[in-house]
Amino acid sequence: MSILIDKYTKVLVQGITGSFGARHARLSLEYGTKIVGGITPGKGGQIFDNVVPIFETVSAAVKETGATATAIFVPPAFAADAIMEAADAGVGIIVCITEGIPVMDMMRVKAMLAGSKSRLIGPNCPGLVTPGYGEESHGGCRIGISPGYIHKRGNVGVVSRSGTLTYEAVWQLTQLGYGQSTCVGIGGDPINGTSHLDVLKMFNEDPETEAIIMIGEIGGNAEVEAARWAKENCLKPIAGFIAGATAPPGRRMGHAGAIVGGVEDTAQAKKRILSDCGIAVAETPGVMAKTLIERWGK
Amino acid sequence: MNIHEYQAKELFDRFGVPSPQGKVASTPKEAYDAAKWLAVTRLVVKAQVHAGGRGKGVFKNGFKGGVQLVDSPEEARDVAKKMLGQVLVTKQTGEAGRLVRKVMVTETVSISRELYLAILLDRQTCRPVIIVSTEGGMDIEDVAARTPEKILREYVNPLAGLQAYQVRKLCQNLGLQTTARQFGRLLHSLYKLFIDCDCSMVEINPVVVTTDDHVYALDAKFNFDDNALYRHPEISSMRDKEEEDPREVAAAEFELNYIGLDGNIACLVNGAGLAMATMDIIKHHGGDPANFLDVGGGATKEAVTAAFNIILGDPNVKGIFINIFGGIMDCNVVAEGVVAAAKETGLKLPLVVRLEGNNVAAGKNTLAASGLNIVSADGMDDGAKKIVDAVA
């Protein structure tokens with residue numbers, strides 16, 4: 001098992017003919033992902049790379065292909081519309097890669113999605129990977145922009161707000177011989193679709209996931225909320241890391257969501273709470289996997 | 001993005017948020033004319049800089065106070081003369097202070113009550129939240145710490161918008177009676193401004209109730225969502241680059257995300273999370289980061305050269321740590337970019353490079369074969385230790 005996606009998941013790509021979307025659609029196809037359709041308004045009826053049919057609308061694509069997941073690569077000004085279109089078409093897993101969406105747009109999207117059957121991952125995220133069993137983990141499902149080859153199929157669930165820190169953690173695990181069940185990049189924006197807590201709950205219920213790495217950063221209280229839940233409900237070993245201990249207050253550190261607000265919001269405060277909740281906190285980002293394995297004892 | 005007080009006044013006027021009459025002036029003559037136009041006996045002249053604490057600030061020419069009460073157009077002119085072209089130092093500007101290019105001349109109002117009002121986006125509920133307090137004119141963080149019960153919050157459903165009952169509730173809790181309608185109109189106008197202009201925060205401290213029962217926004221602080229500026233050219237044009245760190249302005253031109261800090265180890269990293277974590281790991285091993293710098297997904301030769309130039313413009317920098325996890329991007333392309341940039345900028349400082357990911361072996365070879373004094377690192381901890389040792 002894995003969470004959210006597996007090698008059978010049928011995936012759409014919204015914005016498949018843009019250079020960014022096209023490049024990553026190709027990499028996902030090579031990885032073994034079942035990309036069954038692309039969406040580019042005005043290009044419906046064409047075939048992408050002679051293999052993937054392009055549709056005018058998401059609902060037409062879903063009707064034709066039975067897709068249950070989508071990756072969104074459209075520019076920020078059109079991304080909110082793309083997410084709502086996917087939700088309207090009944091797509092269950094909506095992964096929005098786009099960086100730089102106005103936060104008011106996301107506020108409305110979030111309000112519209114409340115009560116719908118769709119789960120949004122992101123935006124401003126690397127996406128999802130459920131590694132396969134093949135060489136360099138091929139044969140799995142990759143939705144988004146993560147490098148596939150750094151993964152290995154196994155039993156560690158990884159959840160993170162940051163793309164490159166996810167890769168760092170995954171690569172450390174793979175180097176030490178530990179594989180991953182599913183890796184989830186939830187994105188660096190202040191309003192996102194899926195929280196650390198949502199993902200922890202899924203990992204907790206997934207029989208294949210035996211241990212978890214949770215990576216967070218300054219800004220908001222999502223990591224704290226997840227840690228407090230885990231203390232009461234999660235029996236699986238968790239290692240954590242919080243980036244931004246040296247970030248000056250009030251400055252936005254790249255990610256729109258990475259800004260130190262109140263006193264409870266610092267990296268130090270979050271690390272302390274994680275630790276109080278029984279999570280093994282990595283001293284440096286260089287030892288995230290090592291910290292997990294020590295706690296796990298496996 | 002932040003704006004000046006006189007620009008906030010422009011927005012208030014456009015959206016019908018009542019605020020005292022006033023005009024901006026760039027010369028003492030303009031200040032005189034503004035005062036004449038206002039035709040009132042008591043006026044206030046305020047230095048326009050992006051930093052708070054102006055009232056208690058001191059100019060480098062010795063003149064005290066960036067906010068002055070005056071009684072005549074002549075006096076307004078004289079005060080403006082002492083402020084314009086001078087550097088104001090407040091608790092928020094640091095020692096360098098800020099050059100005052102404009103002053104604002106406004107009428108004074110006779111205040112009976114001061115309230116606090118802010119609207120911002122609440123991350124937890126993903127909704128706009130209106131925050132009010134009867135304790136206006138004070139530092140709101142202090143109020144929150146000492147008397148949290150005096151801070152009231154009202155959450156707004158973003159799809160429905162601000163409702164009349166919510167305004168009535170707030171007015172009652174603030175103890176407003178005769179001025180409730182006026183406050184309500186101000187709040188509705190401000191909420192519309194907040195939404196229409198893609199603000200991430202607007203804070204009015206204080207909102208004043210005057211002795212003759214008027215309600216005015218006296219001082220305002222705005223924050224706009226940078227991601228939404230593309231659809232607000234009129235707000236983008238309010239950007240005052242002179243108020244921003246010149247290194248950050250230069251970085252933005254190359255689409256690099258740079259924030260200057262006080263340390264001496266510069267970092268160049270791909271990805272915001274990894275960039276933050278790189279600063280942390282330098283600190284962990286006893287060093288002090290000089291900056292946050294995210295080169296994004298493409299560490300090309302041009303981007304790295306631009307980044308080097310910005311980093312080297314900081315005289316505190318004694319060494320550079322490059323930390324790249326090239327997931328999809330080719331590490332060798334990054335290495336070639338680093339070598340070319342180091343040669344082009346004539347780099348003399350210690351340079352530690354940690355490369356990982358796609359085609360990393362070729363990348364490391366390129367660095368080794370360059371003939372430059374580049375130290376290669378295995379892993380983040382190793383790299384951080386090496387650069388900390390190199391600058392020690």
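Just so we're on the same page: letters track the sequence lines, and every chain starts at 1. In this text the structure is predicted, and so the values were computed from the model without any measurement.
In this structure, A:Asn221 and B:Gln124 have side chains that are in contact, with non-hydrogen atoms separated by less than 4.5 Å.
In summary, of the residues considered (B:Asp226, B:Asp225, B:Leu229), a side chain to side chain contact (heavy atoms under 4.5 Å, CB included) with A:Pro102 occurs for B:Asp225 alone.
For B:Asn270 and A:Thr164, the side-chain atoms include no donor-acceptor pair closer than 3.5 Å.
B:Phe224 does not touch chain A: none of its heavy atoms, backbone or side chain, sits under 4.5 Å away. With a 4.5 Å cut-off on non-hydrogen atoms, B:Tyr230 touches chain A through its side chain but not through its backbone. Of the atoms belonging to A:Met112, heavy atoms from both backbone and side chain fall under 4.5 Å from chain B. If you measure heavy-atom distances from B:Ala275 to chain A, you find no contacts under 4.5 Å at all.
Contact tally against chain B (heavy-atom pairs below 4.5 Å) for A:Ile145, A:Asn192, A:Leu165: the top residue is A:Leu165. Per-residue heavy-atom pair counts under 4.5 Å with chain B were compared for A:Leu27, A:Thr166, A:Asp105, and the maximum is reached by A:Asp105.
Judged by distance alone, with hydrogens and angles left aside, the side-chain atoms of A:Tyr149 form a donor-acceptor pair with the main-chain N or O of B:Asn358 at under 3.5 Å.
Residues B:Lys283 and A:Glu283 are not paired through a salt bridge, judged by the lack of any N-O separation under 4.0 Å between the basic side chain and the carboxylate.
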- [ ] List the steps and the verdict of side-chain contact (heavy atoms from CB on, under 4.5 Å) for A:Val103 and B:Asn227.
- [x] CA-CA 8 Å; A:Val103 67; B:Asn227 288 344; over 6 Å; no
Task: Worked verdict on A:Met104 versus B:Ile195 for side-chain contact (heavy atoms from CB on, under 4.5 Å) - done: CA-CA 8 Å; A:Met104 290 277 183; B:Ile195 298 290; 3.9 Å; yes
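Between B:Phe325 and A:Tyr167, the ring planes lie tilted relative to each other; the angle falls in the 30° to 60° range.
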